[in-house]
Structures are given as C-alpha cells and as structure tokens.
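Worksheet for the structure shown next.
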Amino acid sequence: MDPSRRTELAGLYRRALLDDVVPFWLRHSLDAEYGGYLTCLDRDGSVYGTDKAMWLQAREVWLFAKLYNTLERRPEWLEAARLGYRFLRAHGYDADGRMFFSATREGRPLRKRRYLFTETFGAIAGAHYAVAAGDEAAWDLAERTYRLVVGLYRDPQSHPALAATLAPKTISETRSMKSHAMPMILVATSQEMREASGDAAYTAVIDEAIHEILTDFVHPEERALLETVGPRGERLDLPAGRLVNPGHAIECAWFLLREARHRDDRTLARRALEVLDWSLEWGWDEPHGGLLYFVDIEGRPPEQLEWDMKLWWPHTEALYALLLAHAMTGEARYLAWHDRIHAWSMAHLADPVYGEWYGYLHRDGSVALSAKGSMWKGAFHVPRALLYCMQTLEEPR
C-alpha cells in the first residue's frame, strides 16, 4: 500500500473511532441511574427501549476495557467499563453459573437462552476489565465462565444440571445438526482470554475449534464455509444445510488469520484466505453493492426473509479482514476489495449527521431502520473494526 494512502486510511479510521463512534456511545448509552448501558438507541441517540441484553452489556464492557488496555489509559473509558461491569456482575448471572440473556433496566431477569454466546462475551468482558481495573475477582469470574462454556460445549453432560438448558431446537433422534457459530466464537473468545492473561494454555481450545471448523464446516468442493452441517460435517440437502452467512464466514476468516499470524502458520493462513475469498464472492451483491445477509449455495430461496438486507456487521468484519489479509500477503486484490466495501459502507451505513452506523438497510442501500442500537446491535462490531483497522494500518512496516 502506498504510504500516503496508509496514512490517510489510518487517520480516517482513528477519527471515526475516537471522534464519532466511541463518543456516540459515551454520550447516549451510559445508564447513570441503574448502571450498565442503554442500547436501544434511535438515530439521534434517544432511548426508545430500556431492557438490557446482557451480551451487549458484556460487549460494551469489553470495548471500553480494550480501549483502555491497548490504546490509551483514559479515565472515562475505565469508568465506563466499571459502570457496565458492576451491572453485569450484579444482575447478569443466574445461580447456576449461566448468564441471563436479557433483563429490565434495573436488572431484573427477563430471559435465559439455550445458547452460550452471552457467556462467551461475559468471559472476555471480565477478563479485559480485570486487566484494566486490576480486579482479581473479575478475572476469577471470567475464568469460571469461560471454563463453563468450554465444558458444556465439549460435553453437556459434564454439567448434568445445565444440560437441559442447552436442548437443541430439533429432535436430535430425527435430525442432528450443528452450527458453525460455536466453534467460531470459541476461537475468538480463547484468543481474547489468552491476550488478557498472557497464558498460552488457551491455545488448546483454539486448536480444537479450528480443527472442527476446517474439517466439518469448510467445504472446498462447494467453495463455501457452511453455517450448518451434520454432526460429522455432512452437507445437508435442505435450506439450513445449503446456507452461507457471508458475514459470519468473513468474521471467522479473520479470526483464523489472526491465529495464523500469531503462530506464523502459512498453511492456516492459506485456508483462512480461501474462506475469505469464497465468502466475498458469495456475499457481494453485484447489482446493488454491499454484502447480502444469507445465500443459498444452489441459488435456491433462503428461508430467512431478511436474506437480501444489508446489515452493519458483515461490512465491518470485511473491512478488517481485508486490511489484515493485505497486510499479511501484500496482494493488491485485498486492498481493492477493502476500498470497494469501504466506499459502499461509508456511503450507506455511516451516518454523517448523528454519528455511528445504521444497522439495517434494504437491498438497495436505503435505510430500513433508523436505530443505531437495539437488543442485537450495540457498541461492538463498528468500534472493534475501526480499532483493528486503525491498528493494522499504524503497524510498523
């Protein structure tokens, strides 16, 4: 990359992160009355709902702690992380060690889901907050949460009292399936735990998860990372089995690329780049630009009615994945892809009036929902991508 272009892009991402996106969440999401964060925010940051999704509470704790630990030790970032972590610790955990999915504004539990994603974000939030605040109790809880997730994923019966809370949606005797989401999130979660602790022991879980992803979910004959497969990686001839989620696959690709760089593993890097290449081909919407949400690899109708919408997070994941791929390979095509997705995202997703990014667009790029936050969109994908893009561009060459 031309040095002037690198400097220009790095400055753009730095300003977007520190002058736009992070200030948006600091201004509008901190709940000084009850603790934690308000995430149901309309375009201008006004609050339209006060229930709190615990996974978004954890993600925002992670963000402010991560900024404090890796970018600059700003007191307001530590205080914002503390506000969220205290709420999460007081109200996020059930007596059985699992976490609630959602709660009222003051913290009364509303819902507990069968998935373990809230717990994965609870673990990385606690780990990075522990480093930022020097809080040993936060680390202990983060480690217990992480070990619970890993144990339940490896063998639900390792915690018999909790096994029923993870019951599959379908009757497994009739049809057994598994999702790419869990091994994928275990890679990222274990990477964050390893970074926060400096302990290489987390690499064993990363190894297991990467093996499962590459063996069962990556199907070279289809040039696809499939979202759902049979228990041994079988390609299922049904809508769920033909499904590619380009954003998820691209996000997984950069998790694998970061691990390949960490290990200096060229074979893993090559496999990750294949996934990135395929997923961009599946996802890019040639008539309208942007990345489609879901794709059927045989061109049949996806089951998801929102299949052709353009969401914020696949684009943020692509921006970072492509800059990382370019940094690792020097190949101009990754920079060209980045510039294409960057231009589309800034033209359609970024809001120059009120800041942050829209979450949900129609296929043609027009705004479908004005909200900047919800029970699903919070202070995570956009600022994480901006931070990682900026850091990648500012690395010494």
Side-chain angles (χ1 to χ4, degrees), residues 39 51-59 62 88-89 91-104 107-126 141-142 144-190 192-193 205 208-209 212-213 216-217 226-234 236 238-241 243 245 247-248 251-252 293-294 302-306 311 313 374-378 380:
T39 62
D51 287 348
K52 293 172 177 173
M54 288 301 176
W55 71 324
L56 296 187
Q57 302 297 302
R59 285 176 166 195
W62 174 90
L88 193 70
R89 179 152 194 160
H91 304 293
Y93 283 83
D94 199 354
D96 61 9
R98 288 205 59 204
M99 296 182 70
F100 298 110
F101 175 74
S102 60
T104 63
R108 290 183 293 122
L110 285 171
R111 185 180 177 197
K112 190 172 174 182
R113 300 189 78 200
R114 52 182 290 275
Y115 305 109
L116 292 166
F117 302 123
T118 300
E119 287 83 356
T120 65
F121 291 108
I124 67 171
L141 179 58
R144 288 200 306 274
T145 304
Y146 173 81
R147 292 299 166 193
L148 180 66
V149 170
V150 172
L152 284 169
Y153 185 66
R154 285 174 171 167
D155 177 14
Q157 295 304 322
S158 64
H159 297 79
L162 295 178
T165 70
L166 305 172
K169 287 183 176 179
T170 57
I171 297 171
S172 56
E173 290 81 5
T174 303
R175 177 182 294 147
S176 184
M177 301 182 292
K178 64 179 182 178
S179 167
H180 155 244
M182 269 308 298
M184 168 187 160
I185 203 65
L186 281 176
V187 173
T189 302
S190 302
E192 291 294 327
M193 298 296 290
V205 177
E208 291 177 23
E212 184 176 9
I213 292 167
D216 292 349
F217 293 93
L226 297 174
E227 195 68 13
T228 304
V229 296
R232 291 172 296 279
E234 303 94 327
L236 304 173
L238 58 141
L243 188 70
N245 180 328
H248 247 179
E251 187 177 12
C252 184
Y293 196 15
F294 294 105
E303 288 182 313
Q304 295 80 7
L305 298 180
E306 69 276 23
L311 272 65
W313 65 267
S374 64
M375 297 292 279
W376 306 98
K377 181 181 186 293
F380 186 67

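Starting from 1, each residue takes its place in the sequence as its number. Keep in mind the model is a prediction, meaning the values are calculated, not measured.
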**Fill in**
Minimal heavy-atom distance between Leu148 and Gly97, with the atoms involved, is CD2-O, 3.5 Å

**Request:** Kindly assign one of parallel, tilted or perpendicular to the pair Phe101 and Trp376, based on the angle between their ring planes and the thresholds 30° and 60°.
**Result:** tilted

**Asked** Do you know the tightest heavy-atom contact between Lys112 and Arg98?
**Response** CE-CB, 3.7 Å

**Message:** Before you tell me yes or no, could you show the steps for Lys178 and Phe217 under side-chain contact (heavy atoms from CB on, under 4.5 Å), namely the whole-Å CA-CA distance, both residues' side-chain angles and the distance that decides it to 0.1 Å?
**Reply:** CA-CA 9 Å; Lys178 64 179 182 178; Phe217 293 93; 3.7 Å; yes

**Request:** Kindly give the heavy-atom pair with the smallest separation between Pro156 and Ala163, and that separation in Å.
**Result:** O-CB, 3.7 Å

**Asked** Taking side chain as C-beta onward, heavy atoms only, is Leu88 less than 4.5 Å from Met54?
**Response** yes

**Message:** Less than 4.5 Å apart, side chain to side chain, heavy atoms only: is that true for Thr120 and Trp55?
**Reply:** no

**Prompt:** Given side chains that start at C-beta, do those of Phe117 and Met99 come closer than 4.5 Å, heavy atoms only?
**Reply:** no

**Side chains of Asp51 and Ser102 in contact at under 4.5 Å (non-hydrogen atoms)** = no

**Message:** Surrounding CZ of Arg114 (heavy atoms of other residues, nucleotides or ligands, distance under 6.0 Å), is the total greater than 12?
**Reply:** yes

**Asked** So, do Trp62 and Phe380 have ring centers that fall under 6.0 Å from each other?
**Response** yes

**Message:** Checking Glu208 against Tyr153: is there a side-chain donor and acceptor pair closer than 3.5 Å?
**Reply:** no

**Complete:** In terms of heavy-atom contacts, Lys52 and Met375 come closest through C-CE, 3.8 Å

